[in-house]
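Reading through the structure tokens given below for one structure.
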Amino acid sequence: MAEITIPAVVPRQAPGRAVTASTPRNRRAMPLPALPCSDDQTTEVCAVAAVDTRGRVSDRSVVQALGWREDQRLEMRAVPGSVVVRASDNGLFTLTSQGYLRLPAAARHWCALVPGERVLLASDRRQDAVIIHTMSTVWALVAEYHAALLGGATS
């Protein structure tokens with residue numbers, strides 16, 4: 001078999017114009033849209049994380065944003081496709097010693113969560129809560145929103 005040499009692809013320079021890293025480019029920046037100001041200065045936090053075989057959710061950023069610590073008492077309520085987790089002095093659950101959420105087996109079964117499945121965690125600072133959505137719930141919400149944007153119906 002004959003060997004074939006493939007030349008490198010290098011863009012050609014315009015005649016008489018050297019391009020260096022310090023050469024300013026005559027490009028205009030794309031305009032950024034103005035974002036509406038909010039009276040509420042709190043910022044909600046979201047994350048996507050996996051659930052392990054014992055129900056531990058692999059992301060701590062959402063609970064850390066709420067200021068929850070490993071001794072935080074929690075109440076959990078499973079609804080179809082989601083789990084609502086709230087800080088509660090009378091809660092039966094706590095974060096793990098490393099500060100992770102652990103979903104009880106009943107909540108995992110109710111939401112049909114299997115080990116390795118990803119979930120969306122969303123904080124709600126006003127309610128001092130984390131809402132955990134299964135990906136099937138997220139896709140149902142996204143499909144409904146996209147249908148509204150595109151003027152059609154969801155399938």
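What you see is a predicted model, and the numbers here were worked out from it, not measured in a lab.
Rounding to the nearest 0.5 Å gives a distance of 8.5 Å between CG of Leu113 and OG of Ser136. Annotation: the span from Phe93 atom CZ to Leu103 atom CG amounts to 9.5 Å, rounded to 0.5 Å. If you take CG on Leu66 and CD on Glu44, they are separated by 7.5 Å, rounding to the nearest 0.5 Å. The CG atom of Leu101 lies 5.5 Å from the CE atom of Met76; values are rounded to the nearest 0.5 Å. The CH2 atom of Trp139 sits 7.5 Å away from atom NE2 of His146, with the distance rounded to the nearest 0.5 Å. Rounding to the nearest 0.5 angstrom, the gap separating the CD1 atom in Ile132 from the OG1 atom in Thr137 is 12.0 Å.
Residue Leu74 is tested with Val85, Val63, Val130 for a side chain to side chain contact (heavy atoms under 4.5 Å, CB included); the sole match is Val85.
Looking only at side-chain heavy atoms (C-beta outward), Cys46 and Leu120 come within less than 4.5 Å of each other. Contact annotation: the side chain of Ile131 never approaches that of Val83 to less than 4.5 Å [non-hydrogen atoms, C-beta and beyond]. The side-chain heavy atoms of Pro115 and Asp52, taken from C-beta on, include no pair separated by under 4.5 Å. In this structure, the side chains of Val57 and Tyr100 stay at 4.5 Å or more apart for every pair of heavy atoms. Val142 has its side chain within reach of Val138: a pair of non-hydrogen atoms, C-beta onward, lies under 4.5 Å apart.
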Stepwise side chain to side chain contact (heavy atoms under 4.5 Å, CB included) test for Val48 and Met135 | CA-CA 9 Å; Val48 174; Met135 283 298 125; 4.2 Å; yes
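A distance-only check finds a donor-acceptor pair linking the side chain of Arg125 to the backbone of Ala65 [under 3.5 Å]. Remark: side-chain polar atoms of Arg56 are not paired, donor with acceptor, to backbone N or O of Thr96 under 3.5 angstrom. With hydrogens and angles ignored, the 3.5 Å screen pairs no side-chain donor or acceptor of Ser58 with any backbone N or O of Ala49. In this structure, Ser82 contributes its side chain and His133 its backbone to no donor-acceptor pair below 3.5 Å.
Among residues at least two apart or in separate chains, there is no salt bridge (charged side-chain N to carboxylate O under 4.0 Å, His left out) pair with a member in residues 97-124.
A pairwise comparison of heavy atoms in Ala78 and Trp110 identifies CB-CD1, 3.4 Å as the closest pair. Listed here is the closest heavy atom pair of Glu70 and Thr94: O-CB, 4.0 Å. For the residue pair Ser61 and Asp59, the shortest heavy atom distance occurs at OG-OD1, 2.5 Å.
The local environment of CG in Asp71 is crowded, with over 12 non-hydrogen atoms from other residues, nucleotides or ligands closer than 6.0 Å.
With no hydrogens or angles considered, no side-chain donor-acceptor pair links Ser88 and Asn90 at under 3.5 Å.
Both Leu92 and Leu95 are members of a single hydrophobic cluster when ILVMFWY side chains are connected at heavy-atom separations under 4.5 Å. Leu121 and Val114 fall into different hydrophobic clusters, defined by Ile, Leu, Val, Met, Phe, Trp and Tyr side-chain heavy atoms under 4.5 Å apart, directly or through other members.
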